[in-house]
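Given the structure is predicted, the values throughout are model-derived calculations rather than measurements. Just follow the structure's listing: the first ligand is 1, and inside any ligand the first atom is 1.
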Amino acid sequence: MCPGCDAALAMTAATLPRQRPSPLANLIEEAKRTAGGPPSPPPDEPGDDEGPLYAARRKIYPQSVSGTYRRIKWIVLLITLGIYYLLPFVRWDRGPNAPDQAVLVDLPGRRFYFFFIEIWPQEVYYFTGLLIVAAMALFLMNAVAGRVWCGYLCPQTVWTDLFLAIERWTEGDRREHLLRDRGPWTLDRLARAGTKHFLWLMVAWWTGGAWVLYFADAPTLVKNLATFQAPFVAYAFIGTLTFTTYALAGWMREQVCVYMCPWPRIQAALTDEYALNVTYRYDRGEPRASLKKAAALHEHGAPAGDCIDCLQCVHVCPTGVDIRGGPNLGCIQCGLCIDACDAVMAKIGRPTRLIAYDTDLSIKDRQEGRATVYHFVRMRTALYVAIIAVVAGVMTFTLATRTAQGISVIHDRNPIFVRLSDGALRNAYTVRIINKRGERREFALSLSGLAGSLIDIVQTRDDGRFVVDVGPDQTREVRVLVTDYVDFPPASTPITFHLYDVITGERASAADYFRAPAGG
Ligand code: SF4
Ligand code: SF4
């Protein structure tokens with residue numbers, strides 16, 4: 001063919017009307033392409049790492065839902081809030097000279113009381129142990145079931161859930177609330193919004209109020225607060241916590257999880273492919289299509305997944321996430337989308353758990369025809385359990401075997417020693433004696449490790465023994481002077497102070513040194 005004819009044909013082809021594929025053909029094509037494959041995440045998902053650092057808040061109207069996970073969340077909410085609000089009023093008899101509040105942080109008395117346990121300032125290492133156990137428990141939860149802490153136990157989640165329940169009660173469920181928000185301000189809308197904020201503030205105020213009750217005798221403090229006789233700091237704390245609870249649970253909600261909380265970032269670095277997470281089973285759900293479209297696809301022999309694209313899972317989500325887009329920093333793993341999707345599946349007669357606690361690995365296993373195996377016992381879970389067991393074991397042992405008395409010694413720093421007029425050397429110490437019992441006790445103090453020395457305790461009774469009287473549940477500091485008459489003593493001699501209860505004979509000791517000039 002001549003070049004002129006080629007050009008003419010090309011021009012004709014370009015000017016002919018193109019035959020457009022029908023919408024059904026497009027649908028079939030799309031269905032074949034996406035069958036069983038992971039869907040791409042929506043572009044403006046909260047917590048999407050590719051998105052802007054901060055996006056203007058899109059108000060979320062989570063729809064109410066019922067089901068297994070919702071019930072678990074209600075139970076956890078009732079238990080945790082019940083403990084928080086009521087625990088300060090639980091009494092625990094510790095005898096006549098000790099407070100009878102079961103859990104009390106006694107800042108003036110420098111004690112922490114937890115039922116039968118009483119922690120002294122010298123024993124803050126128990127808190128270190130407790131923090132290690134708490135951190136390991138969080139890591140373990142994460143290794144087994146992802147952000148289960150965030151979804152069920154985190155205070156932000158629990159209080160937000162409570163505030164959302166109040167919002168639904170006053171302003172209606174998602175649809176009703178949405179419609180009202182889009183309409184004009186009417187008296188009804190004003191009254192509902194006013195009631196909601198009043199109730200939110202009441203809950204926030206009681207939350208702040210409950211917090212301060214852990215720091216003083218609760219019934220007395222409640223009376224003092226009501227009669228305006230409580231210390232200013234109590235009102236200041238209540239005010240601050242009222243504000244933070246109202247702002248965080250009422251206004252900021254999911255923004256705290258998406259932008260403020262560090263745990264999702266840490267959690268993402270700690271997790272692995274075996275951890276169970278709330279997962280959209282795309283192997284079953286894709287290609288998603290409405291019931292009508294799915295019927296059309298089946299008619300033409302094309303695949304259609306179980307997801308009918310009803311968006312119920314998105315509407316119930318408290319953080320506005322579409323879980324079908326894959327793992328997302330905004331997803332707190334609360335499981336509410338599982339309940340929503342299960343209800344949809346039950347309604348249309350398909351198997352439930354299209355969204356479920358699962359792993360990407362098991363989806364791949366199913367796609368490749370392998371049996372799904374969940375690996376709960378792994379190196380990291382075994383390690384976390386071992387650390388928890390060791391730390392908890394050590395803490396339990398030391399708590400069970402700790403003594404009811406203690407002694408600590410501080411050597412005078414300046415001067416370290418004094419030479420007396422008769423040539424003897426004297427060292428001075430501050431000795432603190434601890435009586436952890438609720439009764440007055442007498443302790444005898446003695447010294448070993450320094451032959452030929454004299455011990456003198458300032459302001460105590462000397463009846464052949466040095467006896468120190470210590471009040472119930474108190475400590476007492478005494479000055480101890482140790483005089484050594486040995487010629488040319490070594491520069492540093494290890495010595496031990498011994499303490500024993502003159503009635504029961506219970507003992508404690510503390511080591512220190514007797515200092516002398518180098519070379520005598
Ligand atoms: S609720 Fe279930 S069916 Fe509906 S969109 Fe979500 S995953 Fe699909
Ligand atoms: S996506 Fe599902 S599990 Fe994640 S926060 Fe939303 S409702 Fe909860």
**Report entry** Residue portion contacting ligand 2 (non-hydrogen atoms closer than 4.0 Å) for I332
**Finding:** both
**Report entry** Residues in ring-ring contact (aromatic ring centres under 6.0 Å, His included) contact with H375, at least two apart in sequence or another chain
**Finding:** Y274
Query raised in the report: Between F127 and F112, does the ring centre distance come in under 6.0 Å?
Result: yes
Query raised in the report: Within the distance-only criterion (no hydrogens, no angle test), does the side chain of R94 pair as donor or acceptor with the backbone N or O of F115 below 3.5 angstrom?
Result: yes
Report summary line: Between A230 and L225 the two heavy atoms that sit nearest each other are CB-CD2, 3.5 Å
Query raised in the report: Taking D161 for the side chain and L164 for the main chain, is one N or O donor matched with an acceptor at less than 3.5 Å?
Result: no
Report task. Might you list the protein residues in contact with ligand 1, defined as having a heavy atom under 4.0 Å from one of its atoms, sorted by chain and number? Result -> C307, I308, D309, C310, L311, Q312, C313, R324, C341, M345, I355
Query raised in the report: Can you list the atoms of ligand 2 that are under 4.0 Å from a heavy atom of G335?
Result: 3 (S), 8 (Fe)
Requested in this report: Can you measure from CG (N142) to CD (Q267) and round to the nearest 0.5 angstrom?
Outcome: 4.0 Å
Query - Pairwise salt bridge (Lys or Arg N to Asp or Glu O under 4.0 Å) hits with a residue in residues 303-318, at least two apart - result: R284-D306, D306-R350, D309-R324
Query raised in the report: How would you list, by chain and number, every residue that makes a salt bridge (charged side-chain N to carboxylate O under 4.0 Å, His left out) with E299, sequence neighbours excluded?
Result: none
Query raised in the report: Just which atoms of ligand 2 are under 4.0 Å from any heavy atom in T319?
Result: 5 (S)
Query raised in the report: Considering only heavy atoms of Q333, which atoms of ligand 2 have at least one such atom less than 4.0 Å away?
Result: 3 (S), 4 (Fe)
